[in-house]
2 protein chains.
Amino acid sequence: MLSSPELQKCRDFVSSALKQKRVLLVAGNCTVTYEGRASSKLDWGERVILVKSDGAVLVHRKFGHKPVNWQPPNAQFHVSFEEGQLTILAVRQKPPESIKIVFREVAVAMSLNLLDEGEFAMHVTEEQMKRALLFEPSMIEPGLKLIAEEHHLADAGFTDIYAEDGEGRLVVVEIKRVPAGKDAVLQLNRYIETLKKRVNRPVRGILAAPKLKAGAVEPLAKLGLEFKAVSLEKCFQVLKPHTGTRLTEFFNSS
Amino acid sequence: MLSSPELQKCRDFVSSALKQKRVLLVAGNCTVTYEGRASSKLDWGERVILVKSDGAVLVHRKFGHKPVNWQPPNAQFHVSFEEGQLTILAVRQKPPESIKIVFREVAVAMSLNLLDEGEFAMHVTEEQMKRALLFEPSMIEPGLKLIAEEHHLADAGFTDIYAEDGEGRLVVVEIKRVPAGKDAVLQLNRYIETLKKRVNRPVRGILAAPKLKAGAVEPLAKLGLEFKAVSLEKCFQVLKPHTGTRLTEFFNSS
DNA sequence: ACGTCGATCTCGAAC
DNA sequence: GTTCGAGGTCGACGT
């Protein structure tokens with residue numbers, strides 16, 4: 001970290017931080033020039049500049065949620081010191097864009113090696129996921145008609161969603177909030193096998209989850225089951241407008 | 001500025017900075033919980049937090065152009081220190097949202113009083129493009145006579161330029177600063193259709209943009225509309241001599 | 001690779 | 001206040 005450094009010294013510090021792909025933070029008096037899809041010029045003033053490990057650049061003024069200027073990840077950098085000014089040039093190729101930040105004074109420059117393995121999760125539980133799919137069965141397949149949720153099968157537990165497709169075939173949907181593995185496939189298959197013995201007609205099995213694990217692809221195909229990718233984000237969007245609604249309103253029969 | 005401060009001391013520092021409406025920068029190990037229009041949870045990890053003078057909050061991880069969590073301007077703050085952890089709670093009322101940042105370690109905390117009166121200017125905006133075409137309608141077509149800008153149509157929004165061609169036909173010009181797609185074609189068509197019902201005479205529709213996207217060629221032809229390529233560079237050249245001129249001087253009527 | 005669509009969109013202007 | 005449209009939109013997903 002440098003406090004009120006000479007700009008020449010700052011140049012080396014910035015270059016080094018960028019080369020090491022650290023997170024770089026600079027506060028100082030600068031101008032910013034942008035050329036690309038549009039073009040803009042920001043006159044002298046004190047701002048906070050953030051350069052991230054992936055080459056994203058942000059220029060923040062004292063006000064406003066959004067950066068006044070920026071560069072998306074994977075920018076290439078050119079740092080120079082000329083005529084008493086420190087210049088950081090960040091360029092990207094597609095689309096061709098450049099942002100040039102010229103400092104005449106730097107208050108602070110910091111380089112941070114952030115350790116951050118924390119998971120970020122938009123919060124949707126498996127229960128909420130089911131609610132979303134009950135409100136919008138078309139997320140699984142157009143034309144799907146609901147029959148019941150949690151259809152109980154004495155010997156083999158219960159299914160998540162029990163429905164009928166456009167051609168009148170029974171459909172069993174097994175929901176997983178996490179990437180579905182072979183165990184989920186086998187669980188679904190047990191439901192299907194039990195059901196087939198009771199209802200003398202075709203039964204389809206669909207696994208609905210954000211992802212299908214690599215090891216589950218082959219068992220799924222072999223058992224004649226299907227997979228439908230369902231994102232948690234989409235479920236959350238579907239749920240938002242319906243937060244208080246009763247589920248029972250959405251069944252044809254129950 | 002504090003380096004690796006005790007969190008208790010950090011609490012006072014943060015409170016003071018927020019009270020003075022300075023720009024606050026904190027780097028440290030934290031979790032972030034968001035509740036509001038959506039909800040999310042971010043597990044422990046090192047991030048950079050920026051709080052601006054207008055009460056905007058940004059939480060940045062080491063990767064990515066956009067903040068992982070944020071609060072728009074005008075948030076209200078509650079800072080506390082409990083059980084060895086520093087908590088910054090930022091709340092806004094409409095819509096009801098809160099973001100809670102809990103630190104178990106702070107590497108650096110800075111408060112900055114940024115002096116920034118510098119002007120920010122976009123050079124060629126869609127508005128400026130329109131000004132250029134109003135000054136030089138011949139860029140669209142020789143003999144074009146202006147009638148009005150932004151002609152309002154109650155049901156279908158408004159046009160960008162409203163004019164008359166050499167043969168007395170009405171001309172509606174829709175301006176796009178970026179390559180025009182199918183959406184621009186349909187928007188222009190809505191204007192035309194609405195207009196035709198009101199003025200019992202021929203109406204031409206011209207899309208003026210730097211480019212016409214491939215996917216827009218066929219819809220344009222099918223709807224009997226036209227395209228005129230207008231470069232931003234040319235617009236900029238046209239505008240340079242006219243920077244202060246009033247628009248009203250350039251209309252024949254109204 | 002490109003087109004379409006959602007976003008805790010944000011931001012500003014018009015009504 | 002609300003609504004509407006633009007954005008250097010950005011990003012994800014489908015083709």
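In what follows, chains carry the letters A, B, and so on, assigned in the order in which the sequence lines appear, proteins first and then strands, with residues in each chain numbered from 1. All values below were derived from every heavy atom in this structure, side-chain atoms included, with hydrogens, water molecules and symmetry-related copies excluded.
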Just checking [X]: base, sugar-phosphate only, or nothing, at a heavy-atom cut-off of under 4.0 Å?
| X | value |
| --- | --- |
| B/E35 | nothing |
| B/K213 | nothing |
| A/E97 | base |
| A/P95 | nothing |

Next on the checklist: Check this for me: does any side-chain nitrogen of one of B/E226 and B/R204 sit under 4.0 Å from a carboxylate oxygen of the other?
Outcome noted: yes
Next on the checklist: Between B/D116 and A/K62 (salt bridge meaning N to carboxylate O under 4.0 Å), is one present in this structure?
Outcome noted: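 Salt bridge: no.
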Checklist entry - Do any side-chain nitrogens or oxygens of A/W70 fall under 4.0 Å of OP1 or OP2 in D/dT9? => result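 Result: no.
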[options]: which one has an atom nearest the side-chain heavy atoms of [X]?
| X | options | answer |
| --- | --- | --- |
| B/Q187 | D/dG8, D/dA6, C/dT8 | D/dA6 |
| B/K66 | D/dT9, C/dT8, D/dG11 | D/dG11 |
| A/K94 | C/dC2, D/dG8, C/dT8 | C/dC2 |
| B/N69 | D/dA6, D/dG8, C/dT8 | C/dT8 |
| A/H65 | C/dT10, D/dA6, C/dT8 | C/dT10 |

Checklist entry - If you measure from the P atom in C/dT8 to the same atom in C/dT4, how many Å do you get, rounded? => result 22 Å
Item to check | More than 12 heavy atoms of other groups within 6.0 Å of A/Q85 CD | outcome: yes
Next on the checklist: Which is more 5' along DNA chain D, the nucleotide nearest A/S40 or the one nearest B/G64? Just name the residue.
Outcome noted: A/S40
